[in-house]
Amino acid sequence: MRPQFVTALMPCLNEERTLGTCIEKAQACLRSLGLDGEVVVADNGSSDRSIEIAQRLGARVVHQSTRGYGAALRAGIEAARGDVIVMADADDSYDWLDMGRFIEKIAQGFDLVMGNRFQGGIARNAMPALHRYLGNPVLSTLARVIHRAPVGDFHCGMRAFTKAAYGRMKLRAPGMEFATEMVVNSARAGLRIAEVPTALRRDGRDRPPHLRSFRDGWRHLRFIFTYAPNYLYLGPGAALMLSGLALVAALSRGPITLAGQYVGIHFLALGCLLTLTGFNVINLGILAKVIAHSQMPHLNSRVSDWALQSFTLEGGLIAGVVLFIAGTATDSYILWEWLRSGSEQEATVHTAFVATLLIVLGLNIVFSSFLLNMFAIERRDRSS
């Protein structure tokens, strides 16, 4: 489908040296393609001549006082008049004359078209070695595997998308992690994603870049895992809880000898710790899934569906109360035996550990059930 109107969007913060070149290239590219369009400069508080240059060349300037790469781009996208938006930096590191390949992919039915600098070529000194050989490849691989997004270069600044697709992305990130959020949310929303090789050359700035390697790298990594409950919570939590339960089951009746080594109460304490920690991490993971579903209802999650549809407060309360009563009854029996016969407490310490574990797990399930029920009620209210 041929675009009706194309917006060339440039985030800008003090780019007077290169902004004019980028605007002229974008305008020339639109003319050569025979497309109607506009150039929008999303200014993020420039104090140099950037705004003056943009207006003199016929670009439309959108002001965003909230600082951040994502904040500036969101303001520009929301103000864009095009049904297709092509975005790239205003530092002349990407070739605005190359918009045609991105627009062609959109015309073929793709919703998001990403540039790939590793396929298109990176000029000498255009990207710091730390970013080229470690930061970008590692973060892109993690995001691609965890979020199942078919993109090799998550952080390429040149990309195109339809205005309709943007409405389904539900983007909120204000900073550099906006680049990752766009791809992850597109993949989750089931949008069609394509890549085109994109060359990166050394930018024309006379000052350090706005990007801060470790700060912004951490923001990308934080986003990748924050919205991946399976990897952050459920997987590690299950491993911890299963390991803990195995130790508790083996030591619940007393110490054992394993491969000639005495395994006693200290390992039982470790088993209880792992079990409780794993349970609580899984619990947080379920809540994270539910919260993510409430924020982005288009996402599919079997865990969230179970928590919000199949789970009942009464079922959770029964399970929790049963565990609590079992633990309390066991501890009470141990106390009664000790008071009745004066038997040594050491003989029942393993059983007491297990009973205490049951009590704590039961209480956790009871109170977690009430919290889950709050989300279930909210969902029912929204659906009605």
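Along the sequence shown, residues are numbered consecutively beginning with 1. This one's a predicted model, so the numbers in the text were calculated from it and none came from an experiment. The analysis underlying the following values was restricted to heavy atoms, covering all of them including side chains, and did not include hydrogens, waters or symmetry mates.
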With a 4.5 Å limit on heavy-atom distance, are the side chains of Arg144 and Val151 in contact?
no
For residues 65-77, which side-chain donor-acceptor pairs fall under 3.5 Å, sequence neighbours excluded?
from, atom 1, to, atom 2, distance (Å)
Arg67, NE, Asn44, O, 2.8
Arg74, NH1, Arg172, O, 3.0
Arg74, NH1, Ala173, O, 3.2

What distance separates Gln119 CD from Glu195 CD, expressed to the nearest 0.5 Å?
5.5 Å
Gly217 and Leu139: which non-hydrogen atoms are nearest, and at how many Å?
O-CD1, 4.1 Å
Give a yes or no answer on whether the side chain of Ser369 reaches the backbone of Ile365 with a donor-acceptor pair at less than 3.5 Å.
yes
Any donor-acceptor pair under 3.5 Å linking the side chain of Glu177 with the backbone of Phe223?
no
Just verifying a value: how many Å separate Lys170 NZ and Met182 CE, rounded to the nearest 0.5 Å?
14.0 Å
So, using salt bridge (Lys or Arg N to Asp or Glu O under 4.0 Å) as the criterion, who are the partners of Asp43 when residues are at least two apart?
none
Side-chain donor-acceptor contacts of residues 235-264 below 3.5 Å, not counting sequence neighbours, with atom names and distances?
from, atom 1, to, atom 2, distance (Å)
Ser243, OG, Ala239, O, 2.8
Ser252, OG, Ala249, O, 3.4

Nearest heavy-atom pair of Leu19 and Cys12: which atoms, and what distance?
CD2-SG, 4.1 Å
Grouping I, L, V, M, F, W and Y whenever their side-chain heavy atoms are under 4.5 Å apart, do Phe102 and Phe118 come out in a common cluster?
yes
Check whether any side-chain heavy atom of Met114 lies under 4.5 Å from a side-chain heavy atom of Asp153, and answer yes or no.
no
Do you know which two heavy atoms are closest between Cys156 and Asn116, and how far apart they sit?
SG-N, 4.3 Å
Taking atom CZ of Phe267 as the centre, report whether more than 12 heavy atoms of other residues, nucleotides or ligands fall under 6.0 Å from it.
no
Is there a side-chain contact between Thr330 and Val354, using heavy atoms and a 4.5 Å cut-off?
no
Any link between Leu33 and Val6 through a network of hydrophobic side chains (Ile, Leu, Val, Met, Phe, Trp, Tyr) touching at under 4.5 Å?
yes
Quick note, salt bridge (Lys or Arg N to Asp or Glu O under 4.0 Å) partners involving residues 100-115, not counting sequence neighbours, are Asp98-Arg101
Minimum heavy-atom separation for Leu357 and Cys272, please, with both atom names.
CD1-O, 4.0 Å
Side chain to side chain contact (heavy atoms under 4.5 Å, CB included) between Gln55 and Arg60: does it pass, once the steps are laid out?
CA-CA 7 Å; Gln55 292 174 336; Arg60 188 157 57 92; over 6 Å; no
According to the side-chain hydrogen bond (donor to acceptor under 3.5 Å, both in side chains) rule, which pairs have a member within residues 351-368, sequence neighbours left out?
Asn283-Ser368
Non-neighbouring partners of Phe324 that pass ring pair (Phe, Tyr, Trp, His ring centres under 6.0 Å), sequence neighbours left out
none
Sequence neighbours excluded, which residues qualify as side chain to side chain contact (heavy atoms under 4.5 Å, CB included) partners of Ile318?
Val322
Non-neighbouring partners of Arg159 that pass salt bridge (Lys or Arg N to Asp or Glu O under 4.0 Å), sequence neighbours left out
none
Is the shortest heavy-atom distance from the side chain of Leu112 to the side chain of Leu191 under 4.5 Å?
no
If hydrophobic clusters are built by linking Ile, Leu, Val, Met, Phe, Trp and Tyr wherever their side-chain heavy atoms come under 4.5 Å apart, do Leu372 and Leu363 end up in the same one?
no
Exercise: identify the closest heavy-atom pair between Ile106 and Phe161:
CD1-CA, 3.9 Å
Which value, rounded to the nearest 0.5 Å, describes the distance between Ile265 atom CD1 and Phe353 atom CZ?
4.5 Å
Quick one: do Thr162 and Phe110 satisfy side chain to side chain contact (heavy atoms under 4.5 Å, CB included)? Show the steps, please.
CA-CA 9 Å; Thr162 65; Phe110 290 97; over 6 Å; no
Leu221 side chain reached by Trp218 side chain, heavy atoms, under 4.5 Å
yes
Hydrogens and angles aside, do Asn136 and His155 bring a side-chain donor and acceptor to less than 3.5 Å of each other?
yes
May I have the step-by-step check of side chain to side chain contact (heavy atoms under 4.5 Å, CB included) for Trp96 and Cys29, ending in yes or no?
CA-CA 7 Å; Trp96 277 98; Cys29 184; over 6 Å; no
Would you check if the side chain of Thr226 reaches a backbone N or O of Ile224 as a donor-acceptor pair within less than 3.5 Å?
no
Find out whether Phe154 and His220 are in side-chain contact, i.e. whether some heavy atom of one side chain is under 4.5 Å from a heavy atom of the other.
no
Quick check: do Gln4 and Val84 have side-chain heavy atoms less than 4.5 Å from each other?
no
In Å and rounded to the nearest 0.5 Å, what is the OH to CZ distance from Tyr94 to Arg201?
12.0 Å
Testing the basics here: between Arg117 and Leu200, what is the closest heavy-atom pair and its distance to 0.1 Å?
CD-CD2, 3.9 Å
Distance in Å, Asp48 CG paired with Leu13 CG, rounded so as to fall on 0.5 Å steps:
8.0 Å
Do the side chain of Ser93 and the main chain of Asp203 share a donor and acceptor less than 3.5 angstrom apart?
no
Quick one: are Leu317 and Phe370 in side-chain contact, heavy atoms under 4.5 Å?
yes
What residue pairs, at least two apart or across chains, pass salt bridge (Lys or Arg N to Asp or Glu O under 4.0 Å) with a residue in residues 228-240?
none
According to salt bridge (Lys or Arg N to Asp or Glu O under 4.0 Å), who are the partners of Arg222, at least two apart in sequence or on a separate chain?
none
Out of curiosity, Met169 CE to Ser186 OG, how far, rounded to the nearest 0.5 Å?
3.5 Å
Report whether Val366 and Leu284 are members of the same hydrophobic cluster (ILVMFWY, side-chain heavy atoms less than 4.5 Å apart, transitive linking).
no
Does a salt bridge link Asp83 with Lys163, judged by any charged N lying under 4.0 Å from a carboxylate O?
no
Give me each pair satisfying side-chain hydrogen bond (donor to acceptor under 3.5 Å, both in side chains) with a member in residues 20-30, each pair once, sequence neighbours excluded.
Lys25-Asp92
Residue pair Val40, Glu38: steps toward the side chain to side chain contact (heavy atoms under 4.5 Å, CB included) verdict:
CA-CA 6 Å; Val40 172; Glu38 64 175 351; 3.6 Å; yes
Count I, L, V, M, F, W, Y as connected when their side-chain heavy atoms are under 4.5 Å apart, and connections chain through other members. Are Phe279 and Val360 then in the same cluster?
yes
Under the salt bridge (Lys or Arg N to Asp or Glu O under 4.0 Å) test, which residues partner Arg192, sequence neighbours left out?
none
